J.: 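Below are the structure tokens for one structure; questions will follow.
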Amino acid sequence: MNKVLINDTTLRDGEQAAGVVFTLEEKVAIAKFLDTIGVPELEVGIPAMGEEEMRAICAISNLGLKANLLAWNRAVISDIKASVACGMERVHIAIPVSGIQIAAKFHGQWRVSLQRLKDCISFAVDQGLWVAVGGEDSSRADENFLLDVALYAQEWGASRFRFCDTVGVLDPFTTYGKVKLLVSALTIPVEVHTHNDFGMATANALAGIKAGAASVNTTVIGLGERAGNAALEEVVMAIKRIYGVDMGIDTPRLLELSQLVAAASGANVPPWKAIVGENTFAHESGIHAHGVLQNPDTYEPFAPEEVGWERRLVVGKHSGRHSVSNLLEQHGIFLNPEETQSVLDAVRQQSVKKKRSLTTEELLNLVKEQRYSHAAR
Ligand SMILES: CC(=O)SCCNC(=O)CCNC(=O)[C@H](O)C(C)(C)COP(=O)(O)OP(=O)(O)OC[C@H]1O[C@@H](n2cnc3c(N)ncnc32)[C@H](O)[C@@H]1OP(=O)(O)O
Ligand SMILES: O=C(O)CCC(=O)C(=O)O
């Protein structure tokens, strides 16, 4: 797999998640964090939204970050003027490309939409801007029409074309085929933008990259419209660990970044969320805990420290003797096999009663209550 460029859109598509509002300070903090950990490109917002958003984009633009910054625009000249007013040197211009979208937004008049795109690219290029074009709803567009739009965008001066699975309807196989067509036809790089409506945003992003996309859109914790986008932490770690390509991202800070974005968005990250969910390196099941105690590779795809976690062994309904005795030994308590089994029985009972795993303190209390002769050597 080729080295791919991450263009993170937490500050644009991420914030579009219904109910999410970042303050200016939060936007700045997220931009700085993404930049610090090595994300090379950030889509920072939509200047056309008005003064408040423009202030935040200007503030980010004034930070002097290493990352390239990009503002999102419709094919509307005043949108691009607003981007210029925010100090943007790079603009992304979106144009609907599917029949459904062109009908809703341009009354089916595709020639009008193409003329708008041409005018906007020319205007932006004349302003000295670097221009990327996004084919909104590329996945449902007629393939020949999509190709024509992309080729025209290239001819008119765009430096990159974004393939958007706007409503997340593709699977990795179809994504691969569609992106490959574009990559083969264009000389400018192709970017993939995927949504998670069927839970395939990350898989589709990887398929697009495999097909030759040079750039991929992500958002932290997968925040974004409806079911969200391809998650930054998933894409980065999959590329690193499945394909062996290190993208130069400081991955031990991914957890802290996810917590920053979760707090700013008011979102609860599910415990089972890939890479940054709190259960991703927690082991309760007896067979798993036993395996992990022998060799963590038995039940972990990579070391927890690589993404900012520490491994946790938890005792509860599904535990076995090995994890119970391991935890107790860490507290200087050494039991014989019969005693360990009776603690395990008590752990199971308590866990079922409480409908959760036990804390270390609860486990130690159980042992105390049983007053084992071998306890606390
Ligand atoms: C797939 C995506 O995520 S696209 C990005 C979506 N993000 C957002 O919408 C968040 C920010 N949006 C906003 O703040 C507002 O929608 C604004 C400022 C952009 C526009 O607001 P309004 O002028 O009030 O229009 P409204 O949002 O109701 O309707 C969208 C208008 O943009 C037009 N439009 C939509 N996409 C495009 C496009 N790519 N190029 C040109 N025009 C477009 C629509 O046809 C409609 O035009 P109309 O007013 O002439 O009918
Ligand atoms: O950039 C574009 O063209 C649209 C991006 C987007 O958010 C989408 O299609 O879901």
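Every number for a ligand or one of its atoms is a count from 1 in the order of the listing. As the structure is a prediction and not an experimental result, all values here were calculated from the model.
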J.: Relative to the heavy atoms of Thr166, which atoms of ligand 2 are at a distance of less than 4.0 Å?
T.: 8 (C), 9 (O), 10 (O)

J.: Which residue pairs pass the salt bridge (Lys or Arg N to Asp or Glu O under 4.0 Å) test when at least one of the two sits in residues 285-304, sequence neighbours left out?
T.: Glu300-Arg311

J.: Which of the atoms in ligand 1, numbered in the order shown and given with their element, are less than 4.0 Å from a heavy-atom of Val76?
T.: 41 (C), 42 (N)

J.: Does the N or O separation between Asp137 and ligand 2 drop below 3.5 Å for any pair?
T.: no

J.: Give the ring-plane orientation class for His290 versus His322, where under 30° counts as parallel, over 60° as perpendicular and anything between as tilted.
T.: tilted

J.: Does a donor on one side chain and an acceptor on the other come within less than 3.5 Å for Gln330 and Asn326?
T.: yes

J.: Output the list of atoms in ligand 1 that are nearer than 4.0 Å to some heavy atom of Ala48, sorted by atom number.
T.: 18 (C)

J.: Could you check atom 10 (O) of ligand 2 against the protein and tell me its nearest heavy-atom contact, residue, atom and distance included?
T.: His195 NE2, 2.9 Å

J.: Counting each atom of ligand 1 from 1 as listed, which ones have a heavy atom of Phe106 under 4.0 Å away?
T.: 41 (C)

J.: Does ligand 2 have a heavy atom under 4.0 Å from the side chain of His193, from its backbone, from both, or from neither?
T.: side chain

J.: Go through ligand 2 atom by atom and flag the ones less than 4.0 Å from a non-hydrogen atom of Gly134.
T.: 3 (O)

J.: Do ligand 1 and Thr166 have nitrogen or oxygen atoms that lie under 3.5 Å from each other?
T.: no

J.: Specify the protein heavy atom at minimum distance from atom 30 (C) of ligand 1: its residue, its atom name, and the distance to 0.1 Å.
T.: Arg74 NH1, 4.3 Å

J.: Identify the two heavy atoms, one from Ser325 and one from Thr340, that lie closest to each other, and give their separation to 0.1 Å.
T.: CB-CG2, 4.1 Å

J.: Do the side-chain N and O atoms of Gln115 and Arg111 include a donor-acceptor pair separated by under 3.5 angstrom?
T.: no

J.: Using ring centroids (six-membered ring only for Trp), state whether Phe281 and Phe302 fall under 6.0 Å.
T.: yes

J.: With atoms numbered from 1 as shown, which atoms in ligand 2 lie under 4.0 angstrom from a non-hydrogen atom of Arg162?
T.: 1 (O), 2 (C), 5 (C)

J.: Is there a polar contact between ligand 1 and Glu225, counting only N or O atoms under 3.5 Å apart?
T.: no

J.: Can you tell me if Asp345 and Gln341 form a side-chain donor-acceptor pair at under 3.5 Å?
T.: yes

J.: Glu136 and side chain to side chain donor-acceptor pair (under 3.5 Å): which single residue from Arg74, Lys105, Arg162 fits?
T.: Lys105

J.: Can you confirm whether some protein heavy atom lies under 4.0 Å from atom 48 (P) of ligand 1, or whether none does?
T.: no

J.: Any N or O of Ala94 that comes nearer than 3.5 Å to an N or O of ligand 1?
T.: yes

J.: Quick test of your reading of the structure: of Gln101, Met49, Lys105, whose heavy atom lies closest to atom 44 (C) of ligand 1?
T.: Lys105

J.: Using a heavy-atom cut-off of under 4.0 Å, does the side chain or the backbone of Arg12 touch ligand 1, or both, or neither?
T.: side chain

J.: Looking at atom 20 (C) of ligand 1, is any protein heavy atom nearer than 4.0 Å to it?
T.: yes

J.: Flag atom 3 (O) of ligand 1 as yes if some protein heavy-atom distance to it falls below 4.0 Å, otherwise no.
T.: yes

J.: How close do Val220 and Asp8 get, counting heavy atoms only, and between which atoms?
T.: N-OD1, 3.9 Å

J.: Cut-off 3.5 Å, side chains only: do Glu43 and Asn217 have a donor facing an acceptor?
T.: no

J.: Side chains of Asp137 and Ser98: donor-acceptor distance under 3.5 Å anywhere?
T.: yes

J.: So, 4.0 Å and heavy atoms of Arg12: is ligand 2 close enough to count as a contact?
T.: yes

J.: Determine the minimum heavy-atom distance between Leu206 and Ala238, stating which atoms define it.
T.: CD1-CB, 3.8 Å

J.: Closest heavy-atom contact between Ile6 and Val39?
T.: CG2-CG1, 3.9 Å

J.: Counting each atom of ligand 2 from 1 as listed, which ones have a heavy atom of Cys164 under 4.0 Å away?
T.: 2 (C), 3 (O), 4 (C), 5 (C), 9 (O)

J.: Quick check on Ile46 - does any of its heavy atoms sit under 4.0 Å from an atom of ligand 1?
T.: yes

J.: Distance under 4.0 Å to a non-hydrogen atom of Trp72: what atoms of ligand 2 satisfy this?
T.: 1 (O), 2 (C), 4 (C)

J.: What protein heavy atom lies closest to atom 1 (O) of ligand 2? Include the residue and the distance to one decimal.
T.: His92 NE2, 2.6 Å

J.: Have a look at Ala75, Pro96, Cys164 and point out the one with the heavy atom closest to atom 40 (N) of ligand 1.
T.: Ala75

J.: What do you think, any protein heavy atom under 4.0 angstrom from atom 24 (O) of ligand 1?
T.: no

J.: Quick one about His193 and Asp13 (side-chain donor to acceptor, distance below 3.5 Å, no hydrogens or angles considered), yes or no?
T.: yes

